[in-house]
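Computed from a predicted structure; not experimentally measured. Below, read A as the first sequence line, B as the second, and so on, with proteins coming before strands; counting in each chain starts at 1.
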Amino acid sequence: MGDLDKIFDSMSDRSLFKNKQILQTNYSPSNIPHREKEIEQIASILAPSLLGEKPSNLFIYGVTGTGKTLSVQHVTNELMKRVKDNKILRIEYINCKLKKVADTEYRILAELIKKLGGSVPATGLPTDQVYLRFLEILENSPEKLFILVLDEVDQAVKKISDNFLYNFTRLNSELSDIQISLVGISNDVRFLEGIDPRVKSSLSEEELVFPPYNALQLQEILRKRADEAFKSKCVSEGVIAKCAAFAAREHGDARRALDLLRVAAEIAEREASSHIKIKHIDNANNKIERDKILAIIETAPKQFQLMLFSIFKLIKQNKGPIFSGDIYNYYQNLCKKVKVDILTQRRVSDILAEFDMLGLINATVISKGRQGRTREIKLSIPQNLVDKCEEILIDSLGL
DNA sequence: CGAGATTCATGTGAAGTATACCTTTAGGCTTAA
DNA sequence: AAGCCTAAAGGTATACTTCACATGAATCTCGTA
């Protein structure tokens, strides 16, 4: 047993982290640098709720990792602190992007009802029934105000259609004892452009734009968190700057920067290094990318995997860009071999589009004159990953 | 020779189908008094 | 009579198909110089 003690002890000695939690993406710091102005604005917009008056609907944009969610949560937390058990106000937060949780109108409502203490089945009820149930629960709750935060609404609206937002904004007219305010958060800056003007005017009574952080601001954020998260003096010079630079290149995504730092530290730890060095950042960058891709490939449905396999094989064979028609042919043969139903070209086309969205491939529609039109497809995952990916596919497809 | 029409292989949108689940409802059966 | 089970009716979501039309540059056609 003494031996184990020694191992574990040396482990904790070696650990670079004082508090790893702080670098986790869901950590909410008590102070949010460079967002003071925005937080103040959100606060002043939502402040009437403390007096039981309905605040304006608010709409917030900004690209990923600009602190939108964090700021809103910060303000709502503060609000709830002020309210205490006064029961005039209720705030719920829903992330519309979470697959299988809240990415359809039905599911959002279901999730909402669950949070309010009710329950609905995962499927089956007519949507208007779900609305009714939701209204009923709201009416029976003691609060006078309900603030609904919809994170990543753009995703939901893209999938559903904008009239579900309209439904929400109209809900107030059916409620007598309680009022609803919406706070929408969107990553897509052009989100409101393609939206029904009625919804637009009612939803964005107030608007707020979160600009991306620049490299300097990112550095400051990182440094602050690093100070709390790590034991002292284990971050080498230039590491923070490099993290910030990486993330600044990805349109100022602070979340990305923090991930980078955390993974880099994990790598350094595993290597039993006493410092986080610059090379660890590079490794971390690769690892994050790599893990993301592998996860996608591993969990993809069978048909998707067959498609991917076809793409990989063809790319290897051809050494150049390949075309959707070729992929379809290869895929058909593959299906016959594995005894799987063949999907239509139409569907395959959509699947390819999804791969493009996921960033696995890069597809461009081109016209080859008399040879018709196709998608020209290039792989956009690093070469050194392809073999590993193929391995996974062979494994999970049982080839 | 060059402008305009053709053509090909596929992209893409809309609408429909199949499947898997869900609730509600009503009828028939069992159970216990 | 109350309680329980089951099947039917009526909904939703998802993955996919069918149908029909849109694309856009290489190639063909044909009038013209």
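The distance between atom CD1 of A/Ile327 and atom C1' of B/dT10, rounded to the nearest whole Å, is 13 Å. A/Phe304 places its CZ atom 7 Å from the P atom of C/dA15, with the value rounded to the nearest Å. Here B/dT19 presents its C1' atom at 13 Å from CG of A/Asp341, a figure rounded to the nearest Å. Rounding to whole angstrom units, CZ of residue A/Arg370 and P of C/dT23 are separated by 20 Å. A straight line from CG of A/Asp356 to P of B/dT10 spans 18 Å, rounded to a whole angstrom. The distance between atom CD of A/Gln303 and atom P of C/dT14, rounded to the nearest whole Å, is 18 Å. What separates CG of A/Asp350 from C1' of B/dG13 is a distance of 10 Å, to the nearest Å. Between the CG atom of A/Leu306 and the P atom of C/dC16 there is a distance of 11 Å, given to the nearest Å.
Listed for the A/Arg35 side chain is a donor-acceptor partner under 3.5 Å among the backbone atoms of A/Thr66.
Between A/Cys389 and A/Leu308 there is no side-chain heavy-atom pair separated by less than 4.5 Å. A/Arg375 has its side chain out of reach of A/Thr364: every pair of non-hydrogen atoms, C-beta onward, lies at least 4.5 Å apart.
Checking the phosphate oxygens (OP1, OP2) of B/dA9, no side-chain nitrogen or oxygen of A/Ser367 falls inside 4.0 Å. Using a 4.0 Å cut-off, no side-chain N or O of A/Arg373 falls inside it from OP1 or OP2 of B/dT10.
With 3.5 Å as the limit, one finds no donor-acceptor pair spanning the side chains of A/Glu220 and A/Tyr213.
Between A/Ala353 and A/Gln371, the residue anchored closer to the 5' end of DNA chain B is A/Gln371, taking for each the nucleotide with the nearest heavy atom.
Residues near A/Val63 contribute nothing to a hydrophobic cluster around it, because no ILVMFWY side-chain heavy atom sits closer than 4.5 Å to its side chain.
Picking from C/dC16, B/dC8, B/dT10 the nucleotide with the shortest atom distance to the side chain of A/Ser324 gives B/dT10. Here B/dT10 is the nucleotide among C/dC16, B/dT12, B/dT10 with the atom lying nearest to any side-chain atom of A/Thr374.
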Using a cutoff of under 3.5 Å, can you pull out all pairs of nitrogen or oxygen atoms linking the protein to nucleotides 19-21 of chain C, with atom names and distances?
none

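Figure legend: A/Lys368 and A/Phe323 shown as a cation-pi pair, the cationic atom lying under 6.0 angstrom from the six-membered ring centre and within 45 degrees of its axis.
At the heavy-atom level, A/Leu352 lies nowhere under 4.0 Å from the strands shown.
Among residues two or more places apart in sequence or in another chain, the salt bridge (charged side-chain N to carboxylate O under 4.0 Å, His left out) test is passed with A/Lys302 by none.
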